[in-house]
Structures are given as structure tokens and as C-alpha cells.
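Just so we're clear, the structure is a prediction, and the values are computed from it rather than from any experiment. Below, read A as the first sequence line, B as the second, and so on, with proteins coming before strands; counting in each chain starts at 1.
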2 protein chains.
Amino acid sequence: MIYTVGEMAKQLDVTASTLRYYDKEGLLPFVERSNGGMRMFKDEDISWLKIIECLKKTGMSIKDIKHFIDCCMEGDSKIDERLTIIESQRDTVIKQMKEMQEMLDMLNYKCWYYETAKKAGTCAVHDDMQVKNVPKEYHKYLNQK
Amino acid sequence: MIYTVGEMAKQLDVTASTLRYYDKEGLLPFVERSNGGMRMFKDEDISWLKIIECLKKTGMSIKDIKHFIDCCMEGDSKIDERLTIIESQRDTVIKQMKEMQEMLDMLNYKCWYYETAKKAGTCAVHDDMQVKNVPKEYHKYLNQK
DNA sequence: TATTGACTTAAAGTTAACTTTAAGTTGTAG
DNA sequence: CTACAACTTAAAGTTAACTTTAAGTCAATA
């Protein structure tokens, strides 16, 4: 199957101009053109776009994604570098997820804080809250508003 | 203890101008001033800055953080809205973490892909790779480059 | 009291990642 | 063959979140 930029955009839930922008930035060297100059996306290009999406969603810049794609186009001589880039991005994601978990922990505490305040009708309930009435997992947040 | 903007910035590992920018945007209405106009950060302000950091790191815009802080300054009449905002942000983070896990799964597959290619000296090893030699958790990525 | 480093504000500048616009071309349906 | 929707590029515009600059002020130390 062959798709136009608009059809491909719809499939990937991005705009056509985003795909054109990626192409302009050199992220899509694998996309072929018709005689008239129209982009022709192939089914296998979806795999490329999914890895681009993955790198983008995990915070890699367009410039660095281009570098990775360039390495891919170079072929087997760049396997080492491609592996290094992906490993490094994986480590980045692991760090991001740890940080996310910490943020989630804090938001869970805040939810408990406001649920408790809501029941009491006032945040003042926390001023004279006894530590034993605070769930253990939230102790580290005490003395926070 | 009282801290200047520079001291507070160092503690939080941000620049002083970032804190001034947040203040200008209305995120720090709780920060007091000296007679001469200098910002005076108190120890309890660190709690405020940590929740701001949490909201920011989980993708909330400055504008929406300001709205939350404004609700906080309003007092008990806004407990409901504060709870709703925090619950919604928690849900957002849970979604973000699920997506992150999917990205991590894909990066793990790519690592395996390049490790295998590296051992073989060529990516062509994947062209005639038998499914039984691909770890089960990676089967969903087959037919991807 | 003079120096000096850190502070103050307002305003302009930066950056990334798009998005929009304008002018023109392609390709399909009737 | 004509319409016309969707494509093309180049260039300008947008947005968020800072960052930098400039001109001046504060406050701690010698």
C-alpha cells in the first residue's frame, strides 16, 4: 500500500504539516516521491515513524533523532553507534520513569491531603493532625502544605 | 531561615532568573519582600516550590500552575477545586507512565535487535531470523526495522 | 563611608517544535 | 478536458518557557 502525507498523518494521529516538517529536517530520508514530486509513504515506513515517535516521546530532539536516522541509513558500519544511542535513550527513560513515580507519590499524598481537608471542611485539620493518623507512606511529606 | 533568590535557586537546582520569572508569572505570591524590595524565601516556601516543581515536571503549564496556586491562596473555599486539579494531574501522570512503559518496551526490543546485529556483524541477520529465536516479548515488534 | 557582589525590574532575545500562509502543482473524478 | 481537493515549497508566524541585557538599587564587609 502507498499513502499520501495526509493519509499517513491520519494513521499516525499527527498533522500533515508535522510530517512535512520532519521530512524537511531530514527525519524521513526513506520516503519516496512520485514523478510529480508527491511523497509516497510505504507500509514499512510506518515502522520508521514509530521509532521516531518513540524517540520523540521520550524527549529526544529532532536534531538527535536525525543523527540516529542518518546512522541507520549508513548501514551495518553504524550498528555500534545505533546500539549506543538506543541504550542511552533506554537509560534516560528508566530515569524519567523513576522521577515520574516520585511525582506520582507526591500527587497521591496531595490527594489524600485534600480528601481529608474536604471531609473536615478545612485545611486546618492538618495543623493538629497526629502523625498516627497519617498513612505511613505519606510521612516523608509532613511539614508540607 | 531566610534565603535570597540566589540561595533558594541553588537549593532547588534552578537559576535565579527562573525563580524571578515564576514570580513574575504569579507562581510565588507567598514570597515576602524586605523593605528594600529583595525577595525573602522562608523554609516553608520550599514546600510550595516542590509542589510547583512536581506540577511542572509532570507537564502542567505555568498558567495552570498559577491557577492552582491562586486556588491555594483563596483558602478553604477552594478545597474541592484543588482536589480536582491534583486528581486530574495524578491521572495524567498515570497515563504518562503507561506510555513511558510502552516506549521502554520498544527501546528494549531495539537494544536486543542491535545487540544481535552487532554479534552477527550485520542487520541482515534479522531478515532470515526464525521467530523461535526472537524472545516472546519482542514478537509484537516483528516486521519492524 | 566606600566598595562590591547580589539583588531589582523591564524589555528584548532565544530556542524548539511546530503551524500557517501564499503561490503554485498534481492527480483523480466526472 | 475541466474541476478541485490535496499536494508541493519557502518563508513567516506562533508559543512556551525561559535567558539575557541594561540600568539601577541593596546590603554586607573593610
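OP1 and OP2 of D:dC26 both lie 4.0 Å or more from every side-chain N or O belonging to B:Ser34. Phosphate contact (OP1/OP2 of D:dA17, side-chain N/O of B:Tyr22, threshold under 4.0 Å): absent. Neither OP1 nor OP2 of D:dC18 sits under 4.0 Å from any side-chain N or O of B:Thr15. Residue B:Arg20 places at least one side-chain N or O closer than 4.0 Å to OP1 or OP2 of C:dT8. In terms of phosphate contacts, A:Arg39 brings a side-chain nitrogen or oxygen within less than 4.0 Å of OP1 or OP2 of D:dT9. When the side-chain nitrogen and oxygen atoms of B:Thr4 are compared with OP1 and OP2 of C:dC7, one or more of them lie within a distance under 4.0 Å.
Between B:Leu55 and B:Gln89, some side-chain heavy-atom pair lies under the 4.5 Å cut-off. No side-chain heavy atom of B:Val134 sits under 4.5 Å from any side-chain heavy atom of B:His126.
Relative to the side chain of B:Arg33, the nucleotides D:dC18, C:dA17, C:dT9 differ in distance, and C:dT9 lies closest. Considering only the side chain of A:Val5, D:dT8 comes nearest among D:dT19, D:dT8, D:dA17. The side chain of A:Met38 sits closest to D:dC7 out of C:dT19, D:dC26, D:dC7.
To the nearest angstrom, C1' of C:dA6 lies 16 Å from CE of B:Met8. Taking atom CG of B:Asp23 as the reference point, atom C1' of C:dT8 lies 11 Å away to the nearest angstrom. In this entry the distance linking CG of B:Leu28 with P of C:dT9 reads 11 Å, nearest Å. Protein atom CD of A:Glu25 is 13 Å distant from nucleotide atom P of C:dT19, rounded to whole Å. B:Leu19 places its CG atom 15 Å from the P atom of D:dT20, with the value rounded to the nearest Å. To the nearest angstrom, C1' of D:dC7 lies 12 Å from CZ of A:Phe41. Atom NZ of A:Lys66 and atom P of C:dC18 are 16 Å apart (whole Å). We find that CG of B:Leu27 is positioned 13 Å from C1' of D:dC18, with the value rounded to whole Å.
A:Ser17 comes within contact range of at least one nucleobase, with a heavy-atom separation under 4.0 Å.
Both A:Gly37 and A:Lys24 lie near DNA chain D, and the one whose nearest nucleotide falls closer to the 5' end is A:Gly37.
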Show, in sequence, the C-alpha distance, side-chain angles and deciding distance for B:Leu49 and B:Phe41, and conclude whether the side chain to side chain contact (heavy atoms under 4.5 Å, CB included) test is met.
CA-CA 10 Å; B:Leu49 287 159; B:Phe41 289 79; 4.1 Å; yes
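Here the SG-OH distance, from A:Cys54 to B:Tyr109, works out to 12.5 Å after rounding to the nearest 0.5 Å.
Looking at A:Asp43 and A:Tyr3, their side chains do bring a donor and an acceptor atom within 3.5 Å of each other.
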